[in-house]
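Worth saying up front: this structure is predicted, and the values here are computed from it rather than measured. Throughout, protein chains are lettered first and strands after them, A, B, ... in sequence-line order, and every chain is numbered starting at 1. Below, each value reflects all heavy atoms present in this structure, side chains not excepted, and no hydrogens, waters or symmetry copies.
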Amino acid sequence: MNFLNDLNPVQREAVKAVNGPVMVIAGAGSGKTRVLTYRIAYLVSIGVPAYQILALTFTNKAASEMKGRIASLVGEKSRSIWMGTFHAMFARILRTEAEKIGYERSFTIYDSQDSLNAIRTVMNAAGISSQQFPPQAIRSRISNAKNNLFTPEQYSASAQSFFEEKAAAVYDVYQKYLKQNNAMDFDDLLLKPIELFRGHKKTLEQYQDRFRFILIDEYQDTNRAQYVLVNLLAAKYRNICVVGDDAQSIYAFRGADIRNILDFEKDYSDAKTFRLEQNYRSTKTILGAADLLIKNNVRQIPKTLWTDNQQGEQLTLLDCADEKDEAAQIVSQIYRDCSEYKLDLKDFAVLYRTNAQSRAVEDALRRQNVPYVIVGGTEFYDRKEIKDVLAYLRVLANPKDAESFLRIVNVPNRGIGDASLEKLKAFAEQNQLTLLEVAGRAKEITGLGEKQRSGLLSVSNLFAKFIGLKPTLSVTELSRSLVDQIGVLPLYKAEGTAEAQSRFENIQELLSAISEAVESDPEITLEGFLENVALVSDVDKWDGERNTVTLMTLHSAKGLEFPIVFVSGLEEGLFPIYADSIGDTELEEERRLLYVGMTRAMKKLYVSFARSRFRNGDRTYPEPSRFLAEIGEKISSKEAPVDAGLRFADLGEQVKGRTGRARKDDGVSKYFSDDSPDYENQTDVAPELAVGAKIEHEMFGEGTVLGLSGKGDSAKAVVLFPEVGRKMLLLKYAKLKVV
DNA sequence: ATTAGGCGATTTTTT
DNA sequence: ATCGCCTAAT
């Protein structure tokens, strides 16, 4: 147990206080993860069976890293610790207990998009206008209600407006629809276990006895449902350890309730509280700036973070003309620091408030051939063709899933449109059958055309065949032959366009992703694989070891650290977002979000703002963020606003000078393009596309611009591609490169 | 009755 | 880029 020597005295106390309720208030960079991992390792080393430990983390990535470290401390027995996100762990419990609450174990997990589609479906069926009641808004009300444990009846009773009454009505039918589909949304993964435990005392007790030691990371970001859930589980043995930092609570918008951590000592009057106040991550300057900022928040647990680390450099403020200038300045700072401090690209992170901000930075990095990764944003699994194949697999796993069935019933085209589907649904309703079952009885449905009938029958036959095959084939074989049988691949092939080609390749890639998943976990079931697809987050997929610059939102950056961090877009209206229309609570959350971002930095922190920025199709001229004033004292004054043109020229020179010298041995220049960056062109105006210009498109290859229209985000270009033909492209998305 | 094609919106953050 | 929604073509 000599590993306890790696800890400072407070950390060690927190690790050793294993009995009874414990709260660890862990400031940023104070070794929170360390305490958690060592605490778990300590539990195992004093003889607690690993399977009695339940550790709930915020991301799967955090869980798998912790598992790795625990294994290195106490060895293989740590394997049976239950560690993962709330959603993943309770999905696992629900898979075994589903029948007790009227579900089947093969239930499907609907992500936000699926849930939105389901809401559209039920609103349509109920004849509620989606014009008057935007499904998005309805969804967020429903989700809020669920996070706060309101049943449809309770929510309806508490409705404050006509809109909320409608939302309550939709909520009611939505829940029934989900159940009918044997599907749960993200919120249900927390709600249903509560329902289970409240309705089945024996089951609750069984899990209480099972999980005698419960640890929760990022407790400040738990919502009401999560709170109730862990308190139910911990009620018998009361060995509950929560770790968090109220200053880093940034998920109120998703129902997180900061009171959970603020009131912990009230909930457990015998709780022991430990405060980790020594920061091991950042320089004195960075910490000081973060402290200056967070002091502006009223509601807070008082604490003083301190560090033995070096003073470090002042913060640098990048005063930028617009978002392109901002991106260019960030890239040139990365270049300079990279060579000056002999850093790797993986030491840099660019953080922003909204995903849309990544584009400009991305462009600048690509132009210089600097490798980067974007965490989040639009994903592989969001592609249409991928969702189609996954929908097939989902129907196979759960034939009751009507949403997935509707998605694929006409993919590829089988001549089945809205009208036929309405007949199908009516027949299903009348006879209490699933859509898939009804498809098999298409002959009994009156008014269907020959084409429609045979189309439905072929879908039905296909699933009948594969449902039969399912028990005999591995997930890999199953999905391969299913894709074969669907026959989309030859269709894409036949289409011959570059777009179809890319869809073809994406499906191949999905199939290899499935094989890989099976290889790394031979026990995995189809349901399990689909569950992973639904519950794996963006950061989970991020590989911090790859030597690239990382771009991500401030939210995604929670829990990570980087030697050099850029926090960009510090403008009123962007950060804090909607500055003039948000209340004090939201403003404080924005401030905490910046606090999180700043405290990611170890050595050096850059903050930037642009005097002009394109947002939602309009050019805006925001004021610098009020947060800049709050940390002003820690910002170096030497980077005063300079005339943009001059500065670009200067930097151009410097970069040019360095490339020449650096190319030989510093290992840096290889990341940058050989031709010296032309800042004038990059930052002034976008390399303006002209009619007649030759361009290159990621998917379509080379082409000629025939026409241009629209402004800002809605700017479009008509391009003629020799192979693909004429295409209208939205510049915002089509990453055109002038050749 | 079905499908193709065009238009407009999407985005604040996410399990 | 993708989706829902609308209209025109088949």
Closest listed nucleotide, where the reference is the side chain of [X] and the choices are [options]:
X: A:S420; options: B:dT2, B:dT12, C:dG4; value: B:dT2
X: A:R254; options: B:dT2, B:dT15, B:dT3; value: B:dT15
X: A:R407; options: C:dC3, B:dT14, C:dT2; value: C:dC3
X: A:Y578; options: B:dT12, C:dT2, B:dT13; value: B:dT12
X: A:E590; options: C:dC3, B:dT15, B:dT12; value: B:dT12
X: A:A356; options: B:dT13, B:dT11, B:dT2; value: B:dT11
X: A:N410; options: B:dT12, B:dT3, B:dA1; value: B:dT3
X: A:N413; options: B:dT11, B:dT3, B:dT13; value: B:dT3
X: A:K423; options: C:dC3, B:dA1, B:dT14; value: B:dA1

Rounded to whole Å, please give me the gap between [atom1] in [X] and [atom2] in [N].
X: A:I416; N: B:dT2; atom1: CD1; atom2: P; result: 9 Å
X: A:L351; N: B:dT13; atom1: CG; atom2: C1'; result: 13 Å
X: A:L587; N: B:dT12; atom1: CG; atom2: C1'; result: 15 Å
X: A:M552; N: B:dT11; atom1: CE; atom2: P; result: 22 Å
X: A:N147; N: B:dT13; atom1: CG; atom2: P; result: 18 Å
X: A:R414; N: B:dA4; atom1: CZ; atom2: P; result: 14 Å
X: A:L574; N: B:dT11; atom1: CG; atom2: C1'; result: 11 Å
X: A:L593; N: B:dT13; atom1: CG; atom2: P; result: 11 Å

*Pick one: which of A:T121, A:T108, A:N181 meets side chain to side chain donor-acceptor pair (under 3.5 Å) with A:E403?*
A:T121
*Of the options A:Q501, A:E385, A:K384, which is the one that meets A:N506 in a side chain to side chain donor-acceptor pair (under 3.5 Å)?*
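Between A:N506 and the candidates, side chain to side chain donor-acceptor pair (under 3.5 Å) is satisfied uniquely by A:E385.
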*Quick check, are the ring centers of A:F405 and A:Y392 under 6.0 angstrom apart?*
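No, the ring of A:F405 stays outside the 6.0 Å limit from the ring of A:Y392, centre to centre.
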*Centroid-to-centroid, A:Y352 to A:H555, below 6.0 Å?*
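No, too far apart.
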Would you please confirm or rule out a distance under 4.0 Å between OP1 or OP2 of [N] and any side-chain N or O of [X]?
X: A:S112; N: B:dT14; answer: no
X: A:R359; N: C:dA1; answer: no
X: A:N355; N: B:dT14; answer: yes
X: A:S556; N: B:dT13; answer: no
X: A:Y251; N: B:dT13; answer: no

*Pick the P atom in C:dC5 and in B:dT11, then give their distance to the nearest Å.*
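Pairwise P distance, C:dC5 against B:dT11, rounds to 15 Å.
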_With sequence neighbours excluded, residues passing side chain to side chain donor-acceptor pair (under 3.5 Å) with A:D114_ = A:R394
*If you measure from OG on A:S458 to CZ on A:R453, what distance do you get to the nearest 0.5 Å?*
12.0 Å
_5′-ward residue of the pair A:F253/A:Q452 relative to DNA chain B_ =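 The residue closer to the strand's 5' end, by nearest nucleotide, is A:Q452.
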*Mapping A:G415 and A:Q136 onto DNA chain B by nearest heavy atom, which one lands closer to the 5' end?*
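The residue closer to the strand's 5' end, by nearest nucleotide, is A:G415.
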*So what does A:R503 hit on the nucleic acid, given a heavy-atom distance under 4.0 Å: a base, only sugar-phosphate, or nothing?*
sugar-phosphate
*Sugar-phosphate only, base, or nothing, as touched by A:L190 at under 4.0 Å among non-hydrogen atoms*: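 Answer is nothing: A:L190 stays at 4.0 Å or more from every strand.
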*Could you walk me through whether A:Y251 and A:F58 pass the ring-ring contact (aromatic ring centres under 6.0 Å, His included) test, one step at a time?*
CA-CA 11 Å; A:Y251 279 97; A:F58 200 73; 5.0 Å; yes
